[in-house]
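Values reported hereafter were calculated over all heavy atoms of this structure, with side chains retained and with hydrogens, waters and symmetry mates removed.
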Amino acid sequence: MPPTDTTPPPAAAGAPAEAVTPLMRGIAVLRRLTDADGTLSLSELERATGLARSTVDRVTATLARMGFVRLDGRDAVLTPRVMALGNAYLAALRLPGLLGGDADALADALDESVSLAVPDRDGIRFLHQATRRRAMSLSFRIGDLLPAERTAPGALFAAEWTEAEWARWRERRAADPADLGFPAVPPRAPGRAADGDPFEERTQEAREQGWALDDQLIEPGLVALSVPVRAPDGSIACAASVVSHTSRHSAASLRDTLLPRLRETVAAMERVLARADVADEAVDEAVDEAAPAHAEQPLAAWTAASKQELGREFIESLARGLTVLTAFGEGHAELTLSAAAEATGLARATARRALITLEHLGYVASEGRTFRLTPRVLALGYPPLSRTSLPQIAAPHLAALAARVHDSASLATLDGDEIRYTARVATTRVMSVNITVGTRLPAYATALGRAMLAGLPPAERYARLTRSAPRPLTPRTVTAPDALAALLDQVADQGYALVEEELEEGLRSIAVPVRSGTGEVVAAVNVAMHTVRRTAEECVTDVLPELRATVAGIEADLHIAGRFARIPLT
């Protein structure tokens with residue numbers, strides 16, 4: 001019998017009576033999308049979740065309204081804004097912010113990949129990755145889950161397992177000998193899946209040595225060395241690992257060569273945690289009295305307005321339940337029920353049912369009267385999006401902009417004295433601007449270049465202009481450094497650049513800078529057209545507002561995606 005709207009999803013088995021079924025269904029959809037690397041058709045989601053198509057449609061419509069999913073034809077696509085869920089966990093945990101810099105510095109010093117991981121039941125989950133770009137490089141992402149027995153950190157964490165945790169591990173190994181439940185790692189070969197596993201022996205060695213090795217347990221050629229990073233109370237806060245390839249190190253040489261340096265870095269990380277612990281004690285009273293910041297628009301009002309607009313297609317209980325996760329964050333690693341309700345603007349009973357559901361699914365853990373997020377929250381969209389790039393983030397925004405203004409839209413970055421196009425959506429016109437991704441143009445003669453140059457300190461702007469020796473490309477090209485410097489001052493003041501026929505006769509372009517979360521100009525977006533299409537005044541009155549709205553959307557996604565992950569600009 002096919003599933004219906006009232007048929008509980010598989011996750012509902014054994015659920016508490018107060019569990020919110022729509023929330024479980026929504027999380028099931030997010031998990032299937034995550035496992036599928038971020039994109040599935042609605043028909044595939046129906047099959048993967050066992051939900052009725054009408055339910056899938058309502059769930060994805062709600063997630064789209066929240067900005068977590070983009071509906072692209074028949075496909076549902078995860079968007080960077082779903083990373084706000086994982087960001088709440090990482091901010092509450094604080095480890096990436098506190099220790100990520102040391103991990104990055106170690107990776108640079110060793111020229112090897114370095115990762116931070118935490119335990120997630122009988123697996124490990126990555127919090128931070130500092131990877132080397134090579135032909136053979138580490139492909140694991142923030143949020144990826146690996147079986148403990150196939151990793152070096154797993155042996156360190158298992159050294160502190162209780163007998164109940166060992167029993168759960170043995171049960172999982174018996175039920176999934178090939179590790180098919182871990183999409184981030186290749187399945188075990190049939191022969192290896194049937195062999196006995198020396199994991200318990202390796203765990204005992206890790207307990208005695210204080211470090212652990214992964215000698216090609218995940219796949220041939222991959223070796224890793226891990227050391228536990230301990231919190232001030234002596235518990236393991238996370239594991240720091242150096243990962244290499246057998247073409248560079250054997251497991252033994254990795255240990256012999258790099259263990260002292262890894263231990264040195266871990267000692268520095270533990271000093272950071274000790275200082276943070278002292279600082280926490282100094283502000284505990286203030287934090288206890290503070291509530292998490294409210295959203296700009298109270299959740300209850302937003303969900304009510306969304307329900308009014310979308311009707312039955314919007315599932316309020318799903319939106320409210322997911323928003324409870326974002327009540328946690330830096331300074332709010334643990335929340336009481338009352339604090340969670342206050343932070344979200346939800347009724348206490350509504351917040352309680354959401355927390356009960358999230359705890360049943362393993363995304364929240366409780367101790368006494370307080371709740372905290374678990375690493376499993378990272379499974380909600382984080383892995384496929386943690387490796388996204390700025391051009392990928394910008395692409396749907398550019399497509400929407402081009403559709404609204406009916407002219408080509410592009411994203412470019414500054415590369416020395418030139419701009420390089422990194423994303424572009426062209427319109428289908430008899431006469432259109434013909435530029436492809438990868439094209440380089442002189443920055444001084446383009447709106448994109450001026451929008452980015454204006455973001456530099458004035459002294460650096462002038463130095464670049466004099467160094468690049470501007471030359472005329474058309475009769476209207478401004479080339480005098482002083483005149484260009486004055487134009488860049490104007491661009492900096494007004495927040496956009498308009499260039500008319502300086503790059504090519506008949507070409508007009510208007511551009512707005514794209515800023516990172518720190519305020520640095522990292523790229524620019526433009527709309528380009530033939531001069532007969534619009535006057536300069538019409539570009540400012542009609543196109544500029546659309547351009548600014550597009551950039552605001554790109555920046556919002558970039559700031560969320562880049563909070564704990566490195567976002568490549570190209």
Taking atom types as modelled and ignoring hydrogens, do the side chains of Thr518 and Ser516 form a donor-acceptor contact shorter than 3.5 angstrom?
yes
Please answer whether the main-chain N or O of Arg515 pairs with a side-chain N or O of Glu555 as donor and acceptor at a distance below 3.5 Å.
yes
Distance in Å, Asn526 CG paired with Leu498 CG, rounded so as to fall on 0.5 Å steps
11.0 Å
Under the side-chain contact (heavy atoms from CB on, under 4.5 Å) criterion, do Leu378 and Phe126 qualify, and how do the steps go?
CA-CA 9 Å; Leu378 293 173; Phe126 291 111; over 6 Å; no
Would you give the length of the straight line joining atom CZ of Arg508 to atom CD of Glu502, rounded to the nearest 0.5 angstrom?
11.5 Å
Quick one, Arg74 and Leu42 - any side-chain contact, counting heavy atoms below 4.5 Å?
no
Interatomic distance, Leu33 atom CG to Asp75 atom CG [nearest 0.5 angstrom]
10.0 Å
What one should report as the nearest heavy-atom pair of Ala528 and Leu507 is CB-CD1, 4.2 Å
Please tell me if the side chains of Phe564 and Met83 come closer than 4.5 Å, counting only heavy atoms from C-beta onward.
no
Return yes when atom CZ of Arg467 has more than 12 non-hydrogen atoms of other residues, nucleotides or ligands closer than 6.0 Å, and no otherwise.
yes
Hey, are the side chains of Cys539 and Leu544 touching, using non-hydrogen atoms and a 4.5 Å cut-off?
no
Evaluate Arg353 against Ser317 for side-chain hydrogen bond (donor to acceptor under 3.5 Å, both in side chains), listing each step before the verdict.
CA-CA 10 Å; Arg353 290 191 65 200; Ser317 56; over 6 Å; no
If we ignore hydrogens and angles and just use 3.5 Å, is the side chain of Ser113 paired with the main-chain N or O of Thr131 as donor and acceptor?
no
For residues Thr34 and Leu385, determine if any side-chain heavy atom of one lies less than 4.5 Å from a side-chain heavy atom of the other.
no
Looking at Tyr363 and Arg31, what are the two nearest heavy atoms and their distance?
OH-NH1, 3.0 Å
Check the pair Phe328, Leu93 against side-chain contact (heavy atoms from CB on, under 4.5 Å), reporting the backbone distance first and the verdict last.
CA-CA 10 Å; Phe328 297 82; Leu93 189 66; over 6 Å; no
Quick one: does Leu78's side chain get under 4.5 Å of Val69's, heavy atoms only?
yes
Smallest heavy-atom separation, Glu501 atom then Gly506 atom, equals OE1-N, 2.7 Å
Measuring from Thr388:OG1 to Asp557:CG, what's the distance to the nearest 0.5 Å?
9.0 Å
For the side chain of Thr477 and the backbone of Leu473, is there at least one donor-acceptor N/O pair under 3.5 Å apart?
yes
In this structure, are over 12 heavy atoms from other groups packed under 6.0 Å from Gln392 atom CD?
yes
Is there a donor in the side chain of Arg424 and an acceptor in the side chain of Thr439, or the other way round, less than 3.5 Å apart?
no
Is the side chain of Arg387 donor-acceptor paired with the backbone N or O of Phe140 at a distance under 3.5 Å, no angle test?
yes
Examine distances only and state if a side-chain atom of Glu44 and a backbone atom of Ser41 form a donor-acceptor pair shorter than 3.5 Å.
yes
Given Glu316 and Lys307, is the salt bridge (charged side-chain N to carboxylate O under 4.0 Å, His left out) satisfied, shown in steps?
CA-CA 7 Å; Glu316 283 185 276; Lys307 188 70 175 177; 5.3 Å; no
Check for a donor-acceptor pair, side chain of Arg58 on one end and backbone N or O of Arg312 on the other, with a separation under 3.5 Å.
yes
Compute whether any side-chain donor of one residue and acceptor of the other, for Asn87 and Tyr382, lie under 3.5 angstrom apart.
yes
Counting N and O atoms only, with roles assigned by atom type, does the side chain of Arg70 sit under 3.5 Å from a partner on the main chain of Val77, one being a donor and the other an acceptor?
no
Taking the basic N atoms (NZ, or NE/NH1/NH2) and the acidic carboxylate oxygens, is any pair closer than 4.0 Å for Arg141 and Asp37?
yes
Shortest non-hydrogen contact between Ala103 and Ala130, atoms and distance
O-CB, 4.2 Å
Can you find a pair of side-chain heavy atoms, one from Trp302 and one from Thr323, that are under 4.5 Å apart?
no
Decide yes or no for Leu401 and Val525: does some side-chain heavy atom of the first lie under 4.5 Å from some side-chain heavy atom of the second?
yes
Check whether Thr422 reaches the backbone of Pro391 with its side chain - one donor and one acceptor, N or O, closer than 3.5 Å.
no
Residues Met529, Val405; criterion side-chain contact (heavy atoms from CB on, under 4.5 Å); working and verdict
CA-CA 10 Å; Met529 69 206 76; Val405 301; over 6 Å; no
OG1-CE distance between Thr62 and Met66, expressed to the nearest 0.5 angstrom
8.5 Å
Can you measure from OG1 (Thr49) to CE (Met24) and round to the nearest 0.5 angstrom?
13.5 Å
Minimum heavy-atom distance Gly362-Thr374, with the two atoms named
O-OG1, 2.6 Å
Could you tell me whether the side chain of Arg376 and the main chain of Leu361 form a donor-acceptor pair under 3.5 Å?
yes
Test your reading of the model: is there a side-chain donor-acceptor pair from Arg32 to the backbone of Ala48, 3.5 Å cut-off?
yes
Heavy-atom closest contact (Ala402 atom, Val425 atom, distance)
CB-CG1, 3.8 Å
Give the C-alpha distance, both sets of side-chain angles, the deciding distance and a yes or no for side-chain contact (heavy atoms from CB on, under 4.5 Å) between Leu95 and His128.
CA-CA 9 Å; Leu95 292 180; His128 184 83; over 6 Å; no
Do the side chains of Asp542 and Arg534 get close enough for a salt bridge, i.e. N-O under 4.0 angstrom?
no
Is there a side-chain contact between Leu23 and Leu358, using heavy atoms and a 4.5 Å cut-off?
yes
